[in-house]
Amino acid sequence: MSASQGIIDLRSDTVTKPTPAMRRAMAEAEVGDDVLGDDPTVKRLEALAAEMLGKEAALFVPSGTMGNLVSVLTHCGRGHEMILGADAHIFIYEQGGSAALGGVHPRPVPNQPDGSLDLAQVEAAIRPDNEHFPITRLVALENTHNRCGGRVQSVAYMDAAGELARRHGLRLHVDGARIWNAAVALGVSPARLLQAADSVSACLSKGLAAPVGSVVAGSAEFIRQARRNRKVVGGGMRQAGVIAAAGIMALTEMVERLAEDHANAQRLAQGLAELPGIAIDPATVETNLVIFSLEREDMTPQELADGLAERGVWLFPIGGKRLRAVTHYHITPEDIDRALLAFQEVLQA
Ligand code: TLP
């Protein structure tokens, strides 16, 4: 692949760069000191996010990791327990921040291949009232599910999890870093999908292409407490309207087009399924994440990734035999076809 054709960067949708419209909105954003409650653009973003996510209020935070951390700290105190998937981003990729900083005990239960938790197992994991045990306070779900290949969690499942949580006096948090992808794939509003959730953290800087930021949404009282917790972890931002302006464009301009990323992911999955040595079932590719296995004794996933990188295609091995490719705003159907040619070359070499 010639250098002039450029890099096909499938490492993550986090690599997306702000659109020209975002850049203009950022340059023109009205700003103020948001810690003092003075930034009109942040307030507009928070109102819009609350409405789209179907909650009373929302809070702008710098990252998805902080969105989850602040949410868990707001629901739980020290010694409280959170039930979550053993493959959850919160459990695997966030440095155990809620335990390290908040004293919140994680109780992982296995994720099923489609990313869901078996709700009977969740129910069985809830602690009885006994002085030996931590106090179960929170269930955390992920939608779409990253390590399970961007799988979408259905409205019925989300509602059932919420009903279970309520029945046991627990709260339900959703790591909705890619909730927009889930909603587009299901053809429902994010608000409906999150109806049973007490809180959600949703990213603006992944498929939606904003340069920075996530939003947390929940009840007005939850968000009041979350604002305090954002401050204690150093996430109070001053003239944040400059980045919130891009977030507004992300929510108004960039959600519906995620369907294109899903179509490109499906195109990639179908092409990969044809290649000898690659194992993937395209039917399991529901959004923009494509996880596949390399079933070869004579090549490691890292060697495959290195060979692809030499041909201008970037992606990450994610442990064991598995690799992950992610489609996004800067990836076209032609890029997918070029990436598939690079795969053929490396696998034949
Ligand atoms: N995920 C990143 C990496 O951290 C793995 C990626 O490339 O997919 N929840 C979920 C489900 C996520 O996938 C991510 C980022 C986050 C939270 C954290 O968001 P940031 O990176 O904004 O802290």
Side-chain angles (χ1 to χ4, degrees), residues 9-18 49 53 59-73 82 84-98 100-101 106 108 111 114-117 140-153 158 173-183 185 190 193-194 197 199-217 230 233-235 237 240 243-244 246-247 250 258 261 265 285-291 305 314-319 322-331:
D9 191 346
L10 303 173
R11 290 173 303 168
S12 183
D13 46 11
T14 59
V15 305
T16 45
K17 295 178 183 169
L53 298 167
L59 179 70
F60 187 39
V61 293
S63 69
T65 301
M66 191 184 286
N68 283 329
L69 176 62
V70 159
S71 298
V72 176
L73 293 180
M82 154 175 67
L84 80 180
D87 280 309
H89 195 279
I90 294 177
F91 189 58
I92 303 276
Y93 290 122
E94 298 182 9
Q95 283 194 27
S98 45
L101 304 179
N111 284 97
D114 69 358
S116 67
L117 304 180
L141 304 180
E142 189 172 312
N143 198 1
T144 66
H145 200 287
N146 183 342
R147 273 187 72 81
C148 294
R151 297 296 295 267
V152 171
Q153 309 303 304
M158 301 289 285
H173 172 69
V174 177
D175 177 353
R178 297 184 180 82
I179 197 71
W180 321 106
N181 298 79
L193 193 49
L194 294 164
S199 61
V200 58
S201 170
C203 288
L204 306 170
S205 70
K206 298 195 165 57
L208 304 190
V212 183
S214 288
V215 282
V216 171
R230 180 185 67 172
V233 295
M237 298 177 284
I243 48 176
L258 293 172
D261 300 343
V285 175
E286 297 173 335
T287 58
N288 68 324
L289 308 189
V290 181
I291 292 183
W314 292 358
L315 46 69
F316 283 135
I318 57 163
R322 303 199 309 159
L323 298 99
R324 186 187 78 162
V326 185
T327 58
H328 53 75
Y329 180 53
H330 305 302
I331 299 295

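Order of listing sets the numbers, starting from 1, for every ligand and every atom in it. Small disclaimer: the values here were computed from a predicted structure and weren't measured.
Interface of Ser63 with ligand 1, defined as ligand atoms under 4.0 Å from a residue heavy atom, comprises 22 (O), 23 (O).
Ligand 1 lies out of reach of Arg11, whose nearest heavy atom is not under 4.0 Å from it. For the ligand labelled ligand 1, residue Met66 lies outside the 4.0 Å heavy-atom shell. Within the 4.0 Å heavy-atom shell around ligand 1 one does not find His145.
Defined by atom type and a distance below 3.5 Å, a donor-acceptor pair is present between the side-chain atoms of Ser199 and His173. Glu94 and His89 share a donor-acceptor pair across their side chains, judged by distance under 3.5 Å alone. Side-chain contact annotation: Arg324 with Asn146, donor-acceptor N/O pair under 3.5 Å present.
Protein heavy atom closest to atom 22 (O) of ligand 1, with residue, atom name and distance, is Gly64 N, 2.8 Å. Regarding atom 19 (O) of ligand 1, its nearest protein heavy-atom neighbour is Lys206 NZ, 2.9 Å. The shortest contact between atom 23 (O) of ligand 1 and any protein heavy atom is with Thr65 OG1, 2.6 Å. Looking from atom 7 (O) of ligand 1 to the surrounding protein, the closest heavy atom is Ser12 OG, 2.7 Å.
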Derivation of the side chain to side chain contact (heavy atoms under 4.5 Å, CB included) call for Arg151 and Ser116: CA-CA 9 Å; Arg151 297 296 295 267; Ser116 67; over 6 Å; no
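Which of Asp175, Asn146, Leu204 comes nearest to atom 13 (O) of ligand 1 through a heavy atom is settled by distance: it is Asn146. Comparing Arg147, Arg324, His89 by heavy-atom distance to atom 6 (C) of ligand 1, the nearest is Arg324.
Between Arg147 and Asp87 there is a salt bridge, with a side-chain nitrogen of the basic residue lying less than 4.0 Å from a carboxylate oxygen of the acidic one.
Looking at heavy atoms from C-beta onward, Lys206 lies out of side-chain contact with Asn288 at the 4.5 angstrom threshold. Leu323 places none of its side-chain heavy atoms less than 4.5 Å from the side chain of Ile291.
Not a single N or O atom of Thr144, backbone or side chain, sits closer than 3.5 Å to an N or O atom of ligand 1.
The proximity of Ala177 to ligand 1, defined as any non-hydrogen pair under 4.0 Å, is limited to the side chain.
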